[in-house]
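Just so you know, residue 1 is the first one in the sequence shown, and it goes up from there.
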Amino acid sequence: MRQNIEMKEADYYRTYLLGHLRDHFFPQATDSKFIETRVNETYEKFTALRLEGKSVIIAQELAMRTLLAGLYVSRYDILYNIVEESLWTRLPEEYWVDFTIHLLTVKGIHHILDHYAINGDFLGRETHQPMLDELLGLITDILDGYGL
């Protein structure tokens, strides 16, 4: 019975992580070793917290932080936000996802994103706005090149 509960909890973490990685276009979505390691770390965290006497809700919340550590903001998320917030007058909404995925193939975009090292604390840094300005400039140049 206990092993059944453990399997269900680990399956929940695995399913959640796979969906998150897929939905936000993280490159780890196809890295089975990364996924298994992260799921195991998360389950171990949850179990340790419960053994310490934490409630299920608290243990679950803290375990989810382990599961998603460093996976709060993806390159896709940043680019999609720029398209949605700043380019909505230039590009119809039905093209936003495909255009954002296309932007993930542009070397200049990756050069800017690499320069600003995106991770879980990224949005709180003062470099956030300058990076968005650089990206918006490059994306605008790309759209101008397409005649849009």
### Residue pairs passing the salt bridge (charged side-chain N to carboxylate O under 4.0 Å, His left out) test where at least one lies in residues 19-36, sequence neighbours excluded
Arg14-Glu36
### Query
Does Ile82 share a hydrophobic cluster with Phe26, counting links as ILVMFWY side-chain heavy atoms below 4.5 Å and allowing steps through other members?
yes
### Query
Other than Ile57, what residues sit in its cluster of Ile, Leu, Val, Met, Phe, Trp and Tyr side chains whose heavy atoms are under 4.5 Å apart, directly or through others?
none
#### Entry: Side chain to side chain, Leu68 and Thr42, heavy atoms closer than 4.5 Å
no
### Pair Asp114 + Lys107: basic N to acidic O under 4.0 Å
no
### Task
Begin from the C-alpha positions of Arg65 and Glu61 and carry the test salt bridge (charged side-chain N to carboxylate O under 4.0 Å, His left out) through to its verdict.
CA-CA 7 Å; Arg65 290 180 187 181; Glu61 177 63 29; 3.8 Å; yes
### Query
So how far is it from Thr140 OG1 to Leu135 CG, rounded to the nearest 0.5 Å?
10.5 Å
### Single-linkage hydrophobic cluster Val39~Leu62, side-chain heavy atoms < 4.5 angstrom
no
### Spacing of CD1 belonging to Ile139 relative to OG belonging to Ser86, to within rounding of 0.5 Å
8.5 Å
### Reported CZ-to-OG1 distance for the pair Arg50 and Thr47, which is rounded to 0.5 angstrom
9.5 Å
## Note on the structure
Interatomic distance, CD1@Ile112 vs CG@Leu132, rounded to 0.5 Å, equals 10.5 Å
### Any side-chain heavy-atom pair of Leu21 and Ile35 under 4.5 Å
yes
### Task
With rounding to the nearest 0.5 Å, note down the distance linking CG in Leu103 to OG1 in Thr105.
7.5 Å
### Task
Measure the shortest side-chain to side-chain distance between Tyr13 and Met64 over non-hydrogen atoms and say whether it is less than 4.5 angstrom.
yes
### Query
Do Ile109 and Arg75 touch side chain to side chain, with heavy atoms closer than 4.5 Å?
no
### Message
Just so I know, are the side chains of Gln28 and Leu71 near enough to count as touching, which here means a heavy-atom distance under 4.5 Å?
### Response
yes
### Task
Indicate yes or no for a side-chain donor-acceptor contact from His24 to the backbone of Val73 under 3.5 Å, with no hydrogens or angles considered.
no
### Message
Are there over 12 heavy-atom neighbours, none belonging to His102, within less than 6.0 Å of that residue's NE2?
### Response
yes
### Task
For the pair Tyr16 and His20, name the ring-plane relationship: parallel under 30°, tilted 30 to 60°, perpendicular over 60°.
parallel
### Task
Compare every heavy atom of Ala63 with every heavy atom of Phe46, then report the nearest pair and how far apart it is.
CB-CB, 3.8 Å
### Query
When rounded to the nearest 0.5 angstrom, what is the spacing between CD1 in Ile101 and CZ in Phe25?
3.5 Å
Side-chain atoms of residues 91-100: list all donor-acceptor pairs with protein atoms under 3.5 Å, sequence neighbours left out, distances to 0.1 Å.
{"from": "Trp96", "atom 1": "NE1", "to": "Leu91", "atom 2": "O", "distance (Å)": "2.9"}
{"from": "Trp96", "atom 1": "NE1", "to": "Pro92", "atom 2": "O", "distance (Å)": "3.4"}
{"from": "Thr100", "atom 1": "OG1", "to": "Trp96", "atom 2": "O", "distance (Å)": "2.7"}

### Query
Between Asp133 and Gln129, does a side chain to side chain donor-acceptor pair (under 3.5 Å) hold up when you go through it step by step?
CA-CA 6 Å; Asp133 294 341; Gln129 191 58 52; 2.9 Å; yes
